[in-house]
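Data first, discussion second: the structure below is written as structure tokens.
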Amino acid sequence: KSRYNRHEIRKIPDGILFGTATASYQVEGAWDEDGKSENIWDRLTHSKPCPVKNCDTGDIADDSYHQYERDVEMMRELGLDFYRFSLSWSRILPTSFPDKINKKGVQYYNNLIDEMLKYNIQPMVTLYHWDLPQKLQDMGGWTNPHVVDWFTDYARIVFELFGDRVKYWFTINEPREVCYEGYGGANFAPAYNLSGYGDYMCAKNLLVAHAKAYHMYKNEFSRTQGGTVGIAASASWFEPKSEKDAEAAEDARQFEWGLYTNPIFSKNGDFPQVVKDRVAAKSFEQGFFRSRLPEFTPEEVELVKGSSDFLGINHYTSKITYRNASITTFPSPSFYDDIEALYDYDFTWETAASSWLKVVPWGFYKLLTKLRTDYDNPPIYITENGFSTRGGLEDDSRIAYYRQYIDAMLDAIDEGSDVRAYTAWSLMDNFEWRQGYTERFGLYEVDYEDPKRTRTARKSAYVYKEIIRSRQLDYHYEPDTTLPITI
Ligand SMILES: O=S(=O)(O)CCCN1CCN(CCO[C@@H]2O[C@H](CO)[C@@H](O)[C@H](O)[C@H]2O)CC1
């Protein structure tokens with residue numbers, strides 16, 4: 001069996017916090033209730049022809065806007081240390097700006113936070129998990145440099161409203177997905193096909209916005225609130241197909257996540273050198289008068305460098321990477337034409353319901369080791385890790401995924417990685433973006449035929465609960481799922 005199927009009991013080191021995550025557009029519903037205004041995912045999912053599988057939308061989703069007490073009850077059944085969730089910008093600020101604060105929207109988040117703290121479950125709050133107010137997108141969204149002020153002004157309101165009780169903040173979830181999937185690959189809202197320049201403009205503005213919000217917290221709230229602020233980056237592992245592809249794999253890492261982590265966590269800051277050089281060289285070849293990758297001014301390099309108290313990592317899978325010999329594979333200019341690499345999967349790797357999600361636990365170990373060595377062992381929170389199925393309560397494949405990935409994480413921790421928290425994506429099934437409700441990530445199953453959106457514990461919920469309770473990994477443990485999961 002693979003290295004990550006050892007049949008022994010493994011202790012989990014003290015101090016590592018365990019939680020689960022969700023995101024506002026994926027679970028809340030109430031898309032136009034109580035004063036919330038339209039965001040870019042409302043706009044995309046309502047467009048014709050419908051872009052999401054089965055024409056699914058987040059209009060109702062898991063109805064967490066009304067079911068938050070049940071959500072907290074599930075957190076208690078799992079025995080979580082924390083719960084990571086995100087705020088809907090246009091639910092709190094319907095005009096996008098601080099001139100109007102929507103009291104009913106704020107009340108929902110106060111109710112959720114207060115209910116969690118009643119049972120000592122820590123809120124870990126993401127300010128932005130992809131649901132930009134539509135009005136801001138009408139003005140260019142993340143490609144408009146003014147987004148720096150829009151985001152910082154929103155952040156200040158949020159810190160004022162919830163910072164007395166929230167001590168763990170993440171500014172932005174997955175910069176790569178915001179910028180590449182949103183402005184480059186025409187996949188996620190606002191689904192623009194501007195790869196090779198729109199995605200890079202988004203990258204620069206997003207990092208400056210993140211840094212401005214970070215420094216504003218430090219200057220205006222740290223003394224009185226004492227919380228911590230970070231960012232959650234998506235990071236896959238890129239494994240060279242053969243020795244000669246080592247450079248291609250490193251290029252992929254630097255373009256796919258180094259673009260966002262290097263400016264914040266590396267010693268010198270700024271975009272990775274290979275990205276700056278490659279995009280500039282290609283831009284001039286292609287007839288541009290300046291690089292398609294916007295430059296940070298020296299002041300901006302300093303502003304962004306070190307602008308996080310910890311590094312949040314969303315990790316799911318790995319890809320085999322090799323040099324792309326043909327220059328006609330991708331449109332030119334484009335992000336993937338810039339990287340000059342191709343990705344593949346090892347056919348022996350098990351696949352989740354999501355076609356991109358392969359089970360490669362050793363890739364998680366290699367990623368954590370690389371982050372430790374490249375960024376001088378930064379404090380790391382695993383802010384997402386999980387597995388999708390088509391549904392069903394006997395989810396042994398999800399259980400095997402969690403056990404192997406936590407095992408791989410423990411190997412990196414044993415070798416010195418400063419991992420402080422592990423977050424399972426997700427507490428319950430939710431709106432899986434372009435795949436709608438066809439790909440399920442929940443420890444709890446959600447019944448979308450039921451207006452009450454009933455949540456039912458899967459077998460994996462019992463196993464995750466036992467890992468947290470016993471603080472050990474036991475591949476042998478078999479829960480008795482005939483008994484209800486209890487608090
Ligand atoms: O559009 S398709 O499906 O044909 C292809 C998608 C390719 N990627 C997969 C990984 N995802 C990053 C992970 O995305 C994260 O992980 C979760 C599971 O995906 C999401 O639900 C979370 O919101 C997100 O933070 C970004 C999109």
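Read the numbers this way: they start at 1 and go in the same order the structure lists the ligands and their atoms.
- Judged by a 6.0 Å distance limit and a 45° cone about the ring axis, Arg84 is not positioned over the six-membered ring of Trp425.
- Inclusion of Glu384 in the set of residues having an N or O under 3.5 Å from an N or O of ligand 1 is warranted.
- Residue-ligand proximity, Gln435 to ligand 1, at heavy-atom distances under 4.0 Å covers atoms 1 (O), 2 (S), 3 (O), 4 (O).
- The nearest protein atom to atom 17 (C) of ligand 1, hydrogens excluded, is given as Tyr316 OH, 3.3 Å; this is a heavy-atom distance.
- Within the set Phe387, Phe431, Trp356, the minimum heavy-atom distance to atom 5 (C) of ligand 1 is found for Trp356.
- Ring centers of Phe82 and Tyr168: at least 6.0 Å apart, outside the cut-off.
- Proximity to Glu432 (heavy-atom distance under 4.0 Å) selects the following atoms of ligand 1: 18 (C), 19 (O), 20 (C), 21 (O).
- Closest protein heavy atom to atom 14 (O) of ligand 1: Glu174 OE1, 3.2 Å.
- Remark: the backbone N or O of Trp142 is paired with a side-chain donor or acceptor of Asn205 at under 3.5 angstrom.
- Counting the atoms of ligand 1 from 1 in the order shown, those under 4.0 Å from a heavy atom of Asn314 are 25 (O).
- Side-chain polar atoms of Asp447 and Thr454 form no donor-acceptor pair below 3.5 angstrom.
- Atoms of ligand 1 lying under 4.0 Å from any heavy atom of Glu181, numbered from 1 in the order shown and given with element: 27 (C).
- Under 4.0 Å from ligand 1, the heavy atoms of Asn173 that appear belong solely to its side chain.
- Taking every non-hydrogen atom of Gln26 and a distance limit under 4.0 Å, the qualifying atoms of ligand 1 come out as 21 (O), 22 (C), 23 (O).
- Proximity of a side-chain donor or acceptor of Thr383 to a complementary backbone N or O of Ile313 within less than 3.5 Å is detected.
- For atom 11 (N) of ligand 1, the nearest non-hydrogen atom of the protein is Glu177 OE2, 4.2 Å.
- Residue contacts with ligand 1: His129 is placed with a nitrogen or oxygen under 3.5 Å of a nitrogen or oxygen of the ligand (distance criterion only).
- Taking the six-membered ring for Trp and the full ring otherwise, the centers of Phe188 and Trp41 sit less than 6.0 Å from each other.
- Atom NZ of Lys212 is surrounded by 12 or fewer heavy atoms from other residues, nucleotides or ligands within 6.0 Å.
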Derivation and outcome, side-chain contact (heavy atoms from CB on, under 4.5 Å), residues Thr45 and Phe431: CA-CA 11 Å; Thr45 57; Phe431 179 79; 3.8 Å; yes
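- Geometric assessment of Lys358 against the ring of Tyr345 yields a positive cation-pi assignment under the 6.0 Å and 45° thresholds.
- Contact annotation for Asn187 and ligand 1: only side-chain heavy atoms (C-beta onward) come within less than 4.0 Å of the ligand.
- Look at Glu439 and you'll find every heavy atom at least 4.0 Å from all atoms of ligand 1.
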